[in-house]
Structure formats: structure tokens, C-alpha cells
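Data first, discussion second: the structure below is written as C-alpha cells.
In this chain, residues are counted from 1 in sequence order.
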Amino acid sequence: ADLYLKAKDFDTYTKLINEALAKDPTNVDLVYNLGVISGNANKLDEAEKYYKKALELNPNYFNANLNLAELKLRSDEKFVAEMNKLGTSEKDNKRYEAIKVERDKNFKSILPYLEKAVELEPNNEAARKTLLSVYNALEMTDKYKALKAKMKSGKSKLL
């Protein structure tokens, strides 16, 4: 399977990994790898399914927590793009508020995964910066300031 992965033959790789999972369905690394392959192929629903399955097998799997959060963050681009296209009419203002509600709901769905990732690896720069951005977007000022302070003080214990 590794050779097919290196050769970028993702279809054969996926087939072989699924065969291996049939023999060992609790192999969290294989499930996670299917999530990565799916995400790279822009099969976002499939990737989410695999990441969630990996987390069912091991809730403390750092990369599955982080990748699931980042996968869900991809949809933020479409929210921002639509919000930026709106004008200032009453209709546009109502649409803006509706999009903001959806965007906030998406951010809130990401929080548990990011917070867990930072709990597992408190010094992971990508996880911390992403969590700061989500706290900021949700106007969670207290949590934002606390995390920022811990980052500045260099403390490794978080949350």
C-alpha cells in the first residue's frame, strides 16, 4: 500500500487499505489515512466520515482532531466570499445575518476538535493559531485572551 501511496495511485492504495481494514477494523492509522486521501481528493464528506471514525477508535488521536477541524474550516471561505459580495440593502443585511449564524454554527462545531488538539499537543503552533482564530471569530474574548497569554508565557499546560 505504501508503494501505491508514494506512486500517487490513490485508488489502489484505498483498495488495499480497505482490504487491510477488513482484517483489522480497529487500525486507527489506516482509517485516518483514508481520511487524508479523501480530503486531498476533495471528497470532504468522506474525509469527515473517516476522521470521525478514527476519533471513535481513539478520541486522543491528535492528527484526526486537527484535520477534522481544518476540514470543517474549509467551508468558511464560502461564507466569507458570500458575505463580502453583499451590499447594504435591508435584504443584503438580512442575508448577511443569516450567513453569520451559519458561519458561527460551523465554528462552534469545530471548537471541540481544536480544543482537544491543543489539549493533546499544547505547543503545536498550527493548532493554537487556528484555535485563536476560531475564538476570535466567535468573539470568545476570555478564552482568546487566556490562550494568547499562555502562548506568550510559554506554558505548555493548556485548557
Quiz item: Measuring from Tyr96:OH to Ser89:OG, what's the distance to the nearest 0.5 Å?
Solution: 14.0 Å
Exercise. Flag the pair Lys78 and Glu82 as a salt bridge only when some basic side-chain nitrogen lies within less than 4.0 angstrom of an acidic carboxylate oxygen.
Key: no
Self-check item: Closest approach of Glu48 to Leu71 (non-hydrogen atoms, all atoms of both residues)
Solution: N-CD2, 3.5 Å
Self-check item: Full working for side-chain contact (heavy atoms from CB on, under 4.5 Å) between Asp142 and Tyr135
Solution: CA-CA 9 Å; Asp142 291 344; Tyr135 282 158; over 6 Å; no
Quiz item: Can Ser38 and Asn40 be counted as having a side-chain donor-acceptor contact under 3.5 angstrom?
Solution: no
Practice problem: Can you see which heavy atom on Leu111 is nearest to which on Met140, and at what distance? | Solution: CD1-SD, 3.7 Å
Quiz item: Testing Leu68, Asn65, Thr130 for side chain to side chain contact (heavy atoms under 4.5 Å, CB included) with Leu114, which one passes?
Solution: Thr130
Quiz item: Taking all atoms of both residues into account, what is the closest heavy-atom pair of Pro112 and Ser109, and its distance?
Solution: CD-O, 3.6 Å
Quiz item: Between atom CZ of Arg103 and atom CE of Met83, what is the distance when rounded to the nearest 0.5 Å?
Solution: 5.5 Å
Quiz prompt | Main-chain N/O of Lys72 paired to Asn106 side chain as donor or acceptor, under 3.5 Å | solution = yes
Quiz item: Measuring from Phe10:CZ to Lys43:NZ, what's the distance to the nearest 0.5 Å?
Solution: 11.0 Å
Quiz item: Counting only heavy atoms not in Asp45, do more than 12 sit closer than 6.0 Å to its CG atom?
Solution: no
Practice problem: Say whether Phe107 and Ile99 are linked into one hydrophobic cluster, either directly or through other cluster members, by side-chain heavy-atom distances under 4.5 angstrom. | Solution: no
Quiz prompt | Partners passing salt bridge (charged side-chain N to carboxylate O under 4.0 Å, His left out) against Asp104 (at least two apart in sequence or in another chain) | solution = Lys100
Quiz item: Taking 4.0 angstrom as the limit, do Glu46 and Lys49 come out as a salt bridge?
Solution: no
Quiz item: Thinking salt bridges, do Glu125 and Arg128 make one under a 4.0 Å N-O criterion?
Solution: yes
Self-check item: Check: Glu115 and Val134 side chains under 4.5 Å, non-hydrogen atoms
Solution: no
Quiz item: Taking all atoms of both residues into account, what is the closest heavy-atom pair of Thr12 and Asp9, and its distance?
Solution: OG1-OD2, 2.8 Å
Quiz item: To the nearest 0.5 Å, how far apart are CG in Leu34 and CG in Asn18?
Solution: 5.5 Å
Quiz prompt | Cationic N near anionic O, under 4.0 Å, Glu19 to Lys23 | solution = no
Quiz prompt | Glu97 vs Lys94, salt bridge (charged side-chain N to carboxylate O under 4.0 Å, His left out): CA-CA, chis, key distance, verdict | solution = CA-CA 5 Å; Glu97 289 305 316; Lys94 284 182 181 177; over 6 Å; no
Quiz item: What residue among Thr26, Leu21, Leu55 forms side chain to side chain contact (heavy atoms under 4.5 Å, CB included) with Val31?
Solution: Leu21
Quiz item: Under the side-chain contact (heavy atoms from CB on, under 4.5 Å) criterion, do Val36 and Tyr51 qualify, and how do the steps go?
Solution: CA-CA 8 Å; Val36 172; Tyr51 291 142; 3.7 Å; yes
Quiz item: Which heavy atom of Ala54 sits nearest a heavy atom of Ala64, and at what distance?
Solution: CB-CB, 4.1 Å
Practice problem: Kindly compute the distance separating CG (Leu30) from NZ (Lys53), expressed to the nearest 0.5 Å. | Solution: 12.5 Å
Quiz item: What about Ile110 and Val80, same hydrophobic cluster or not, with Ile/Leu/Val/Met/Phe/Trp/Tyr joined at side-chain heavy-atom distances under 4.5 Å?
Solution: no
Self-check item: Any pair counted as ring pair (Phe, Tyr, Trp, His ring centres under 6.0 Å), so long as it reaches residues 54-80, sequence neighbours left out
Solution: Tyr32-Tyr61
Quiz prompt | Carboxylate-amine/guanidinium proximity below 4.0 Å for Glu119 and Lys116 | solution = yes
Quiz item: What pair of heavy atoms forms the shortest contact from Asn124 to Ala127, and how long is it?
Solution: OD1-N, 2.9 Å
Quiz prompt | Separation of Leu3 CG from Tyr13 OH (nearest 0.5 Å) | solution = 11.5 Å
